Amino acid sequence: MRLIYFGTGTFALPTLQSLAEHTVLVVTQPDRPSGRGLRLAPSPVKTLAQSLELPVASPERSRAPEFLELLQSQEADALVVASYGQILSTAVLESARCGGINLHGSILPRYRGAAPIQRAILEGETQTGITVMQMDKGMDTGDIISIERLPIGADETYGELQDRLAELAASMALTWLPKIVAGDYPRTVQVNAHMTLAGKVEKEEAELKWDGSAEIEYRRFRAFTPTPGPFMKTNQGLLRLHSLRMSDLNGAPGTVLSVNPLTLALDSGALQFLELQPEGKKRMSGRDFANGARLKVGMSLSENQ
RNA sequence: CGCGGGGUGGAGCAGUCUGGUAGCUCGUCGGGCUCAUAACCCGGAGGUCAAAGGUUCGAAUCCUUUCCCCGCAC
């Protein structure tokens, strides 16, 4: 089997690992300036590919003619795509004998798009899964080859769930690609009427609000942990939130209901702030934060108080 | 050189502007109270104030340099 692997994010890592011996070329997004100091940083997939000593290509535009030639020259059996980050043109997909095979982090046709895992958690879903799919020119609209499901834990974060899904994707890829290359696999057309969209995540969505319900804001916390990173504006400054739990307590929004564990009331319900991080500080327990900020039960962290 | 915050007993912080023998909450150790306790009371230990140099009678605090940590933006 000769495979070309398209991937960028951490979701794509386990699958690349499991298919490495069949992979003749890894395609990933170009290095981007990132982090403090704006130094150029390689994608997670590029880093792994290099340690596996696989050839790497990072075209700015995957549809560029010279890149298309490179793809065609590989005479690959299939393109395997997982969290690549660019739309692949029909010409690109047709550069391999069996076209593009996508590993998508949802039960298609639900949650088509860029952020299926985050959106599923945010919507309060209790299960999700991986769909192996024959790509076509649309966004996650191709024929379904296989679906496997996973329950979503009540306290599970996006990062944790993504890790489990990524492992599932890797094992499914290992199972199905030989069959696909051999031409022996089922194809089921998606029922478009059941589709939903899972749009890209914006940073502002990760802000928890005092006037939200604890249940929904907790889902928000889970959906955007660890990236882009949930946060909350308080009269103590911006707090990044690392670990929360639901609380049974109630009170006026923003009120400190308990100092150990640090429990703050929202509009409906309350949340325990187990680990957080003030701007410019290291992450710390809610208890330590309460100590340093001299918080007492009854005080408010709501901005305008 | 993208913008910014910070390094003070084990933890989180105050004190730095207006130099003058280091303070708060928590933890820890010992004792007490209690049926009991993560609760309460009493007492104790524990700090080269990131590092180096400089100014000064005197520096956590002022000046210079270095190291380390972190947030935002990307």
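Residue numbering restarts at 1 for every chain, and letters A, B, ... go by the order of the sequence lines. Worth saying up front: this structure is predicted, and the values here are computed from it rather than measured.
Between the P atom of C69(B) and the CD atom of E279(A) lies a distance of 20 Å, rounded to the nearest Å. The NZ-P distance, from K281(A) to G6(B), rounds to 7 Å in whole Å.
The nucleotide G19(B) finds no pairing partner, because no Watson-Crick or G-U wobble arrangement with both distances shorter than 3.5 Å includes it. Using N1 to N3 plus N6-O4 or O6-N4 for Watson-Crick, or N1-O2 and O6-N3 for G-U wobble, each under 3.5 Å, C40(B) pairs with G32(B). C62(B) is paired with G54(B) under the criterion used here, namely a Watson-Crick or G-U wobble arrangement in which both key atom distances are under 3.5 Å. Base pairing analysis places C67(B) opposite G7(B); the two distances defining the Watson-Crick or G-U wobble pair are each below 3.5 Å.
The listed nucleotides are A11(B), C24(B), A73(B); the one nearest the side chain of N291(A) is A11(B). The side chain of K203(A) sits closest to A73(B) out of A73(B), G23(B), C26(B). Set against C26(B), G6(B), A11(B), the side chain of D288(A) has A11(B) as its closest nucleotide.
Nucleotides G5(B) and A22(B) are separated by 30 Å at their P atoms, to the nearest Å. To the nearest whole angstrom, the two C1' atoms, one in U8(B) and one in A50(B), are 10 Å apart. Comparing the C1' positions of G19(B) and A60(B) gives a spacing of 10 Å, expressed to the nearest Å. Rounded to whole Å, the separation between the C1' atoms of U48(B) and U37(B) comes to 40 Å. U21(B) sits 15 Å from C49(B) when the P atoms are compared, rounded to a whole Å. Annotation: A14(B) and G54(B) have their P atoms spaced 30 Å apart (nearest Å). Only the P atoms considered, C72(B) is 47 Å distant from C57(B), to the nearest whole Å.
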Side-chain donor-acceptor contacts of residues 23-32 of chain A below 3.5 Å, not counting sequence neighbours, with atom names and distances?
from   : atom 1 : to     : atom 2 : distance (Å)
T23(A) : OG1    : L19(A) : O      : 2.9
T28(A) : OG1    : G7(A)  : O      : 2.8
T28(A) : OG1    : S43(A) : OG     : 2.7
Q29(A) : OE1    : Q86(A) : NE2    : 3.0
Q29(A) : NE2    : Y84(A) : O      : 3.3
Q29(A) : NE2    : G85(A) : O      : 3.1
D31(A) : OD1    : K46(A) : NZ     : 3.2
D31(A) : OD2    : K46(A) : NZ     : 3.3
R32(A) : NH1    : E60(A) : OE2    : 3.4

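R283(A) comes within 4.0 angstrom of nothing in the nucleic acid, heavy atoms only.
Side-chain contact check for T141(A) and Q190(A): no donor-acceptor pair (N or O, by modelled atom type) lies under 3.5 Å. Counting only N and O atoms by type, the side chains of Y185(A) and Q134(A) include a donor and acceptor under 3.5 Å apart.
A heavy-atom distance below 4.5 Å is found between the side chains of P178(A) and M1(A).
Toward the 5′ end of RNA chain B lies the nearest nucleotide of K282(A), the other residue of the pair P228(A) and K282(A) mapping further downstream. Of the two residues near RNA chain B, F289(A) and G280(A), the one whose nearest nucleotide lies more 5' is G280(A).
With sequence neighbours left out, the salt bridge (charged side-chain N to carboxylate O under 4.0 Å, His left out) criterion links R164(A) to E156(A).
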